[in-house]
Amino acid sequence: MKYQVYDLGQLKSGQRVQVTLSGNAANVRLMDSSNYQSYKSGRSHRYTGGLITRSPIVLGIPSSGHWYVTVDLQGLRGTVRSSIQILPSALPQYNEPALSTVPSLVRKEYGDAYNLDHTVKSYDVFISHASEDKDEVVRPLAIALQAEGLSVWYDEFEMQIGDSLRRKIDKGLANSRFGIVVLSKDFIKKGWTNYELDGIITKVVSGEQIMLPIWHNITKKEVIDFSPSLADKLARNTSAYTVEEIAAEISEVINNSKHL
């Protein structure tokens, strides 16, 4: 049997090969080395492709290795010409920057120029949130942060009957090194959450990011409508990261800052 063969050499999984035919329809087979040897010998073989009646076609490389493309007219009549092109690979998958790329997320050690109050308890993390988000994300996040060995200001951990909510929040904000804002539809409706957010925002003294927004069931447009400046901050989205992954990243940033 006559056939045209293209030795593609070593290709990586996911690369793409474009086969262009002119003339009649033809059989196009993409095969690895082992199956190409079987094809040449007339033995049973496996391939990607088949009878191609419309050109061009694009075949994906199933796994990394040495690959061949053959074009033949087995069972067909006429003539066919063909050409092969290895298509450019797609860009690497985009990954959001690591939190460690924003060193200003964590305030310096206690007692520095930020004038933390040494007469009250200090915290690694303050969490600002809406109560409607406690069960789904906030409480699990607070527990996960504690499991990472961090001290966490979270109202269920800190508030007692008779406490002044405003005073507790003020002290928590003033004596925390890392601010988390869980942005959700309920958050932007609340009075207290906006009070907390204002408190965190006022700690931005140089335009640097000192808090981490966590987007929860909210769109970018909704965040922009609420606060355009928040929409530009490096953030984490609960649709893309688990609570445990977010807690581990925060722990890494805070613990690394203690050794600077």
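Considering every non-hydrogen atom in both Leu51 and Ala25, the closest pair reads CD1-CB, 4.1 Å. Annotation for Ile52 and Arg54: closest pair CG2-O, 3.1 Å, computed over non-hydrogen atoms. Among all heavy-atom pairs drawn from Asn237 and Trp215, the shortest one is OD1-O, 3.3 Å. Annotation for Leu234 and Ala98: closest pair CD2-O, 4.0 Å, computed over non-hydrogen atoms. Between Pro56 and Thr20, the closest heavy-atom pair is CB-OG1, 3.6 Å. Looking at every heavy atom in both residues, Val152 comes nearest to Ala142 through CG2-O, 4.1 Å.
Taken to the nearest 0.5 Å, the OG atom of Ser33 stands 5.0 Å off from the NE2 atom of His66. Interatomic distance, OH of Tyr47 versus OG of Ser38, reported as 13.5 Å (0.5 Å rounding). Here the CD1 atom belonging to Ile254 is positioned 8.0 Å from the OG atom belonging to Ser151, to the nearest 0.5 angstrom. Residue Leu59 holds its CG atom at 5.5 Å from CG of Leu30, rounded to the nearest 0.5 Å. Taken to the nearest 0.5 Å, the OH atom of Tyr241 stands 8.5 Å off from the CD1 atom of Ile246. From Leu141, atom CG reaches atom CG of Asp133 across 11.5 Å, with rounding to the nearest 0.5 Å.
In terms of the ring pair (Phe, Tyr, Trp, His ring centres under 6.0 Å) criterion, residue partners of Tyr36 (sequence neighbours excluded) are, by chain and number, Tyr68. Partners of Tyr6 by side-chain hydrogen bond (donor to acceptor under 3.5 Å, both in side chains), not counting sequence neighbours, listed by chain and number: Ser82. Checked against side-chain hydrogen bond (donor to acceptor under 3.5 Å, both in side chains), Ser63 has no partners two or more places apart in sequence or in another chain. Evaluation of the side chain to side chain contact (heavy atoms under 4.5 Å, CB included) rule for Glu252 yields Asn256 as partners, not counting sequence neighbours. For Tyr39, the side-chain hydrogen bond (donor to acceptor under 3.5 Å, both in side chains) partners at least two apart in sequence or on another chain are Asp72.
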Listing, residues 8-16 side-chain donor-acceptor contacts under 3.5 Å, not counting sequence neighbours, or none:
unit_1 : atom_1 : unit_2 : atom_2 : d
Ser13  : OG     : Pro62  : O      : 3.3
Gln15  : OE1    : Lys12  : N      : 2.7
Arg16  : NH2    : Pro88  : O      : 3.4

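Thr238 is not listed as a side-chain neighbour of Val243, based on a closest heavy-atom distance of 4.5 Å or more. No side-chain heavy atom of Leu87 sits under 4.5 Å from any side-chain heavy atom of Val17. Residues Lys40 and Tyr3 are in side-chain contact: their nearest non-hydrogen atoms beyond the backbone lie under 4.5 Å apart. Side-chain contact between Arg29 and Thr48: absent, with no pair of heavy atoms (C-beta onward) separated by less than 4.5 Å. Residues Ile127 and Trp153 fail the side-chain proximity criterion, which asks for heavy atoms closer than 4.5 Å. Leu73 places a side-chain heavy atom less than 4.5 Å from the side chain of Val80.
Between Asp186 and His129, the side chains place no donor N or O within less than 3.5 Å of an acceptor N or O (distance only, hydrogens not considered). Remark: the Asn217 side chain and the Ser184 side chain contain no N/O donor-acceptor pair separated by less than 3.5 Å. Ser34 and Asp32 share no side-chain donor-acceptor pair at under 3.5 Å.
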Practice prompt. Tell me, with the steps shown, if Ile214 and Val181 meet side chain to side chain contact (heavy atoms under 4.5 Å, CB included).
Written response: CA-CA 6 Å; Ile214 296 178; Val181 179; over 6 Å; no

Item to complete: Check step by step if side chain to side chain contact (heavy atoms under 4.5 Å, CB included) holds for Ile86 and Gln18.
Response: CA-CA 6 Å; Ile86 307 297; Gln18 178 174 285; over 6 Å; no

Item to complete: Could you give me the CA-CA distance, side-chain angles and deciding distance for Leu145 and Ile143, then say whether side chain to side chain contact (heavy atoms under 4.5 Å, CB included) is met?
Response: CA-CA 5 Å; Leu145 289 168; Ile143 293 172; over 6 Å; no

Item to complete: Could you please spell out the steps behind the side chain to side chain contact (heavy atoms under 4.5 Å, CB included) verdict for Lys189 and Phe226?
Response: CA-CA 10 Å; Lys189 300 175 185 174; Phe226 173 62; over 6 Å; no

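Ion pairing of Arg236 with Glu249 is present here, as a side-chain N (NZ or NE/NH1/NH2) and a carboxylate O approach within less than 4.0 Å.
Formation of a donor-acceptor pair under 3.5 Å by the Gln74 side chain with backbone atoms of Ala26 is not found in this model. Looking at Ser41, its side chain does come within 3.5 Å of a backbone N or O of Gln37 through a donor-acceptor pair. A donor-acceptor pair under 3.5 Å is formed between the side chain of His45 and the backbone N or O of Arg43. Remark: the backbone N or O of Arg46 is paired with a side-chain donor or acceptor of Asn35 at under 3.5 angstrom. Ser176 places no side-chain N or O within donor-acceptor distance of the main-chain N or O of Asp124, the cut-off being under 3.5 Å. Here the side chain of Glu222 pairs a donor or acceptor atom with the backbone of Thr219 at under 3.5 angstrom. Here the side chain of Asn24 pairs a donor or acceptor atom with the backbone of Arg77 at under 3.5 angstrom.
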